[in-house]
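Start at 1 with the first residue, then count along the sequence. Numbering of ligands and ligand atoms starts at 1, following listing order. Bear in mind the structure is a predicted one, so any value in this text is a computation, not a measurement.
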Amino acid sequence: MVAEAIDFKINKVAESRVNQLDPENIVFGTLFTDHMLVADCVNGEWQTPEILPYGDIAYNPALASLHYGQSIFEGMKAFRNVDDEVVMFRPEENFKRFNISAERMCMAQVPEEIFMGGLQKLLELDNAWVPDGENNSLYLRPFMFASDVYLGVRPSFNYRFMIIMSPAGQYYANPPKVKIETQFIRAAEGGVGYAKCAGNYAASLYPAKLAQEQGYTQLLWTDAKTHTKFEESGTMNVFFVKDGKLITPKTSTTILKGITRDSLITIARDKGYEVTEQDVFVKDIIEGIKDGSVTEVFGAGTAVVVSPFSAIGYEGEDYVLPEINSDSVSSVLKKGLNDVRKGISADTHGWVYKV
Ligand SMILES: *Cc1c(COP(=O)(O)O)cnc(C)c1O
């Protein structure tokens, strides 16, 4: 087991705060577990990782990441399965993607022993924070930032890697209405769209705010060059159901390669659906909603799992999608994914990682 391969310095809390967790009333990203992991990379050398009581960290005003944005993260989840065991879902994929993001942002590579071992140790300590309940989980947030105290523009020599954990419940209460964005862009070819770097999310806030002022919850991004092809939505990949078949944009340097996306494609094929990864043109989908051949459009990502959209706004017009029921493709796939994670159905692809 990789977790045993290195030492962790552990400083436990005197008293757990787990009584602050109310599984019936979880507000995303507001409550954090008892412990956090801190590991520093100093001039290319990883120091002994430490597990500490969750709390503030001190920073110097010249901290490089605050100025030039060398900062990346991952988002993943731990679940309590039907046998009351704590499991993670495909964590090695998050580990690999984290280092892909690190490479693009010219940051240190994080060793597997620290990333995977840190998750393992934290989940052992904060096991009681993994909530029960159908839509509940413990959200895991590994992240890393440049920690040089220096105002010149160059890659930092020092990095801090951390993991914090926060209980999560249902994400959107109602199916969101989304707007097709044809003016602003999220990512361009040759850019950093495939990296989970902090700046991507900062850049998306303004166009998302304008859409919210128009009554939309979220954006559907189109390609930077022509604005004719779908890319993804907020922090989700997107799927379309047309004539009963599943379609999703093929991945490129402008699209974040979602682990949920990959899992849903596999589950859909296992269940006998036809799935294609291809260019998806806005005009084809709008036509399809009008003539009834497009019956579902949904987002897919760790935070939301599967999120069917109620309507799509395009050039000032709203195109309403049929209501979702338990036979809808998105519902079947969501259940398929949840059943594997919860241990209700067999883990035939080796996705579930027991802590
Ligand atoms: C994280 C993220 C996704 C979803 O990835 P998952 O691995 O499924 O959580 C999709 N798009 C963007 C932009 C993201 O940041």
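Under 4.0 angstrom from ligand 1, there are no non-hydrogen atoms of K257.
Here's the thing with R97: one of its N/O atoms is less than 3.5 angstrom from an N/O atom of ligand 1.
Taking atom 11 (N) of ligand 1 as the reference point, the nearest protein heavy-atom neighbour is E232 OE1, 2.5 Å. Protein heavy atom closest to atom 4 (C) of ligand 1, with residue, atom name and distance, is T235 O, 3.6 Å. Summary of contacts: the protein heavy atom closest to atom 15 (O) of ligand 1 is Y201 OH, 2.4 Å. The protein atom (non-hydrogen) at minimum distance from atom 9 (O) of ligand 1 is T302 OG1, 2.6 Å. Among protein heavy atoms, the minimum distance from atom 8 (O) of ligand 1 is reached at T260 OG1, 2.6 Å. Closest to atom 14 (C) of ligand 1 among all protein heavy atoms lies K196 NZ, 3.0 Å. Atom 5 (O) of ligand 1 has as its closest protein heavy atom G258 CA, 3.4 Å.
Taking the ring centroids of F73 and Y201, they lie under the 6.0 Å cut-off.
Residues F98 and F161 have side chains in contact (heavy-atom distance under 4.5 Å, counting atoms from C-beta outward).
To the nearest 0.5 Å, the span separating CZ on F230 from CG on N237 amounts to 14.0 Å. Atom CG of D347 is separated from atom CG of D339 by 12.0 Å, given to the nearest 0.5 angstrom. Atom CH2 of W221 sits about 12.0 Å away from atom OG1 of T254, to the nearest 0.5 Å.
A cation-pi arrangement is absent between K77 and Y139, since the terminal nitrogen or guanidinium carbon is not both under 6.0 Å from the aromatic centre and inside a 45° cone about the axis. Cation-pi geometry between K209 and Y206 is not met: the NZ or CZ atom fails to fall both under 6.0 Å from the ring centre and inside 45° of the normal.
Atoms of ligand 1 found under 4.0 Å from any heavy atom of G234, numbered from 1 in the order shown, are 13 (C). Shown in contact with R186 at under 4.0 Å from a heavy atom are these atoms of ligand 1, numbered in order with element: 13 (C). Ligand 1 places these atoms under 4.0 Å from at least one heavy atom of M236: 10 (C), 11 (N).
Considering only non-hydrogen atoms, atom 6 (P) of ligand 1 lies nearest to I259 out of N237, I259, N94.
Electrostatic pairing of D262 and R90 counts as a salt bridge here, judged by a charged N lying under 4.0 Å from a carboxylate O.
A perpendicular orientation is assigned to the rings of W351 and F89, their planes being inclined by more than 60° (bins at 30° and 60°).
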